[in-house]
Structures are given as C-alpha cells and as structure tokens.
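These notes concern the structure reproduced below.
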Amino acid sequence: MMARYLAGRLAGMVLILFLVCLFTFLIFFTLSPDPAVLICGKTCTPDRIDQIRGVLGLDQPFLTQFFGFLGGIFAGRDYGQGANLVHCAAPCLGYSFQTNQSVWDMVVERLPVSATLAIGAAVLWLLFGIAAGLLSAVKEGTWWDRAGMGLALGGSSIPNYVLALALQYVLVVQLQVLPFPQAVAFGDDPVLWFESYLMPWIVLAAGYACLYARLTRANVIDTLAENFMRTARAKGLSPVLTMRRHALRPALTPITTIFGMDFAALLGGALITEKVFGLNGVGKMAADSIAKNDQPVIMAVTLLAAFFVVVGNLVVDLVYTALDPRVRITAK
Amino acid sequence: MTVVAQAEVAAPPATSGRRIAGVLLHDKGAVISAAFLALIVLMAICAPLISAITGHGPNDFDPAAIDTDLGGLPRGALGGIGAEHLLGVEPQNGRDILARVAYGARLSLLIAAAATVVTTLLGVVLGMLAGFYRGWVDQVICRVMDFLMAFPALIFMIAILSSLPQGNRPVLLVAVISGFGWPYLARVVRGQTMTLVNREFVEAARASGASTGALVFKEILPNLRGSLIVMTTLAVPGYVGTEAGLSFLGVGVTPPTPSWGQMIAASVGWYAVDPMYFVIPGAFLFATVLSLTVLGDRLRAALDAGDAS
C-alpha cells in the first residue's frame, strides 16, 4: 500500500515539475527578447546572430527546443558542430548567456550559501517561535501572553528588507558591534563567518518566528482544552508532565507541516535577504539573472525552487504520517 | 479576549453584522488600526491636495534642500525634516518625501485593493464550482491549484514581470498577484461548499425546486460570508507587502512613479548616511501592514466568538 502511495506521489511530482518546466519555457519562448541579440552585444552582425541561433538551437521550433533542454538534464547535450562542438555533461542546464559558465556549476557553487542561510534561520525561528508560543499559551491572558503576541504581530508586519536596513544601520553603522557581512568560508575565519551570517539569519527568521509563535500558541491552547488533557490532570499527572507527555505532540505536529514547506521554499533562494546583504546564494543569482534576462539561469532557479517545494511537500506528508497515526494510510 | 466576552454579555441580541461592529468598537487595537487606515486612505485620496498645500509635487526637484558639497545629502538634521519639507527630502534630487509617500500610498493601496477583489472573485467562483459540481470540474480545478501552489511564485512573478514589455505595470502586478493568490482562498471555499451542499437546508431548498443559481446565491454563499471576510482581510496585508517587495526588487512600479517599496529600494545605498530616507516609507509600510493584520485578526476573533456562542 505504502509503495503504491509513494509511486503515485512520485508520478505527481514529476508531472508538476514537467509542467513548471514547460510553462516557464513557454513564457520565455513567447515573451522574452531574442537571447541571440543579447549575447551578441553591441558589435553585432546579422550573420553572427544567425550563427548564435544555430549553435544554441534557437532557430528550432518550440517543442524541439523544449525537449532539447529536457533531454540535456538527463542525458547531457551538445552545442554546435565540428570543431566548435561543446559537450555539456549529464545534469545539463545550459550555459549562462552572461558569463558562459555552466549553469549547473553555478547552482552547485551557490547552493551551500542558501542552505547555510536557510538552516541557520530555521534553527533561530523554531527555537524562539515555539518557545514564545508555548510560554504565551501556558500563561494565556497574562501580560506575558499579551506582550509576546503583540510583539509577534508587530514582528510579522515588518517587511524583511526594512528590517535588514534598520539592523544594518543600528548594528553596523551606529553601534559597530558587527562588521559588514562578507563572503567568508567557515574554514577561513569562523568568527567573521558567524558575524557575517548573523544579521541575514535574524532578518530571515524574524517573520517566521512571529508566525510560528502565534501558531504554536493557538495549537497549544486548543490542545489544552481537549478532554484527554483533563483526564491526564485528573489522574494526578503534574502540569509539566501533562504538557510534555500529552500536549506537545498534538500541538506541534501541525507546525512540522508548515515548517517543511517554509524551509523547502527557502532552499530555493531567499531573494530579498540575499540581495540586501549581498550573499552570493541561489536567491541573489535568481535576482541578478532576472535583471539581466539570463534565461538559462532563470530556468534553472525556477526549476530548482519548484523541485524543493515538491520534495518538501512529499517529505512533510511522510513525516506527518509517522507523527500522527490517525492519518496513516490503511489497507482497504 | 475579555473584551469580547464582556460585549457578548452586555450586548442585546443583534444581527451578526451589528454585533461584530459593536465588539470591534470596544477593541482598542481594532479602533486604532481602523483609524490609522482611514488616515492613510485619506492621505492617498488627498495626495494632490497635500502637494498643493505644501507646494511640492511628488516629482519636483528642490536643489535648495540638498547640499551638493556633501554629495547631495539633505540639508538639516533628520533627512531635511522641517517646516518646508514635513517629512524631509530625498538625497541628491530633493524630492519631497511627504508628497511621494502620499502618492505612493495611492498606488500601493489601489494595487492591493484590486488584487484583493480579483483574487476573491477567482477564489470564490472556482472554489464553489469545484465544491458544487465535484467530478471532473473538481479534478481539473484541484490540479491547477496544486500546480500553482507548487510553483515558486516569487521567482516566477519576477521572471514574468521582467520579461514582459513595459506595459501597464499596476495592471500586470494585480494580474500576477491574483493569478498566484486565488488557490489559497479557493481551497477553503471548496471545502466549505462541499460540506454545505450536503446540509439539510440546502437539500430542502433543492427538493422544493430551487434553481442552481438560487442554491448558490441564496443558500451557500451567505454561509461562506464569515470565512470569506476573514480570509480576505488577512490576505490584504500580504498583497500590500508583495507589491512593495516586487517594487523593491525592481520589477514593480517603474520610476519616477512613487511606490513605498520602490522608495525603500532607492534608499538602500543611503541608509548609512541618511537613515530617514528608508525609515519614513518603511514606517508607513510597516504601520499599514500591521493595522491591516490587527484588524483582520480581531475580526476573526469576533466572528469566531459569534460562531461559538
């Protein structure tokens, strides 16, 4: 039963990714200015444009181009002929129109930055969000609760680029407690690495932390009102134990779903945060490539982001089934 | 929620609309938020009037207000705030920030309002179609929703907006925001329609010969009202933020037309020397989003309390 469910889900994932690919390709095919003209630059002749079109296969009909791109991902592809032949190995996403770099290499190079950003932020927002939510729920109605939830409401309303600018102004320019974020490898200078990522982490985590605090509070309050909680207290279990053994699991299970999807979406690039702090991750690459109309790179980041979202959804469903036996798939 | 509880006890049985209005009027947060939003709307409507009174249009350069020796920084403290320019000026060209914030509010609010209307229409119509007819209609609509929700919406919005020729940007923004926004509403509408269709009062109406149109508009739609109001009010701040974010990334409203996100984007290079340049539009954006969120939140609490009683 499980195997059949998984097979169905995987087929659905592949279909969605295929559609994302087709749709993005179609948009660029119909709407974008001619990439050959863009590559050719200022010193351009009609012959040269035709030549570039030939090499990139831009003179082919839409479906040929599309399946050429798709084939490249699984089997690699060749550009040009004879002496000019360039082979692009198996996960081939083409070459950047701007830098002529392999798009796959660009993605592989930048993914660790986005992953570092996403993981650090996730740790922060889970810690603070869930802790604040629990505290507010346990002390429901007190000033703790009101202050915490007021702060959460306010925090979730600050656009992250405004927060980014405000933090940089206060921490870097005025108080000078942090350096300007720099691209440093962890191995070279762990302290500077940490200091450089700290602000981006905070900026990215703030909005989510506020949201998770409110969610956790609502879920815990709902759970505390359930009958089994009253039973647990009535049979003499201490408040702390009731909380730990009975309330946390049902209250936090829905959070895992949302967390999985939020985290997956972030892996595909936090555009604004990466751009504001100049972090060279997938998100900044997306923003830059869009600004320069670098189609192969835009295709790659769109596909990558969709891939993470789809995989994230699957993982979330599997984890959810493991955590909550009520939704387990039963044999008919 | 003691306020809600008190109002519940004190208020005489009233229609749900009046009861909710009464509850919200007793809620300090809701009143302040509504007042602030009214002020912003008024400011947006009166933007030309503000310009006429202060004598500064949103695109008028004021070389006297900036110091060319300091690279075009505004003269005076706090980004040039003073009697002449109430909220200061932009560095380098001396444009009046108050005028630009007021005109920016026009566009930001208009886009958010239009996006809300289009999203709600799409979400309600498609959600109800799916929930009412089931079968293949439901299948098709659900697949489209799954597809749209798996899509990396932000990246794709930027990609579409940047590759499209310079058309009517506000209309494009509305189209893109609602195109990716309706599934979240439609999913809820579909679920509720599916349960409502099987309720006794709908079956009774059907049995007494009501037409499909009457079923939809007289029986089902009125019962969706509560959740629709809540979902829509909570979605508006998201649209305000999305518009500002897209403009911030340079694919929204094109300069020199002001929008809040774009003003903040322009201030990125200046934050260290002229912080007021990003603080003012940032504060307006923050306060607007916060007010909308608080209002939506309180509205939901009031409606939930009504359902429970």
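Side-chain atoms are counted along with the backbone in the values below, which use heavy atoms only and exclude waters and symmetry mates. The sequence lines fix the lettering, A, B, ..., with proteins before strands; numbering per chain opens at 1.
The nearest pair of heavy atoms linking B/Leu290 to A/Leu153 is CD1-O, 3.5 Å. Minimum interatomic distance between A/Gly154 and B/Phe286 (heavy atoms only, all atoms of both residues): O-CE1, 3.1 Å. Nearest heavy-atom pair, A/Leu165 versus B/Ile264, reported as atom, atom and distance to 0.1 Å: CD1-CG2, 3.9 Å. The two atoms that bring A/Ile272 and B/Phe248 nearest to each other are CG2-CE2, 3.9 Å, heavy atoms only.
Note: B/Pro275 leads B/Pro275, B/Gly241, B/Ala265 in heavy-atom pairs under 4.5 Å with chain A. When A/Asn160, A/Val276, A/Val309 are compared by the number of non-hydrogen pairs under 4.5 Å with chain B, A/Val309 comes out ahead. Among the candidates A/Ala166, A/Ala287, A/Gly312, the residue making the largest number of heavy-atom pairs closer than 4.5 Å to chain B is A/Ala166. Taking chain B as the reference chain and counting heavy-atom pairs below 4.5 Å, the highest number among A/Thr24, A/Val301, A/Val310 is found for A/Thr24.
Residue A/Ser289: no heavy atom, backbone or side chain, is found under 4.5 Å from chain B. Both the backbone and the side chain of B/Ala244 have a heavy atom closer than 4.5 Å to some heavy atom of chain A. With a threshold of 4.5 angstrom between heavy atoms, A/Val20 approaches chain B through its backbone and through its side chain. With a 4.5 Å cut-off on non-hydrogen atoms, A/Ala265 does not touch chain B at all. With a threshold of 4.5 angstrom between heavy atoms, A/Ile298 approaches chain B through side-chain atoms but not through N, CA, C or O. Neither the backbone nor the side chain of A/Glu140 comes within less than 4.5 Å of any heavy atom in chain B. With a 4.5 angstrom heavy-atom cutoff, A/Val162 touches chain B via backbone and side-chain atoms both. Looking at A/Val172, there are no atoms closer than 4.5 Å to chain B (heavy atoms on both sides), in backbone or side chain. Heavy-atom distances place no part of B/Val279 under 4.5 Å from chain A, backbone and side chain included.
Counting heavy atoms from C-beta outward, B/Met149 and A/Asn313 have side chains that stay 4.5 Å or more apart. Taking 4.5 Å as the limit, some side-chain heavy atom of B/Phe147 sits within range of a side-chain heavy atom of A/Phe23.
In this structure, CG on B/Leu285 lies 5.0 Å from OH on A/Tyr161, to the nearest 0.5 angstrom. B/Met157 CE to A/Leu271 CG: the interatomic distance, rounded to the nearest 0.5 Å, is 12.0 Å. To the nearest 0.5 Å, atoms CE (A/Met149) and CG (B/Asp297) are separated by 10.5 Å.
When the options B/Thr293, B/Val240, B/Val294 are evaluated for a side-chain contact (heavy atoms from CB on, under 4.5 Å) with A/Ser157, the one that passes is B/Thr293.
Heavy atoms from other residues, nucleotides or ligands lying under 6.0 Å from CZ of A/Phe25 number more than 12.
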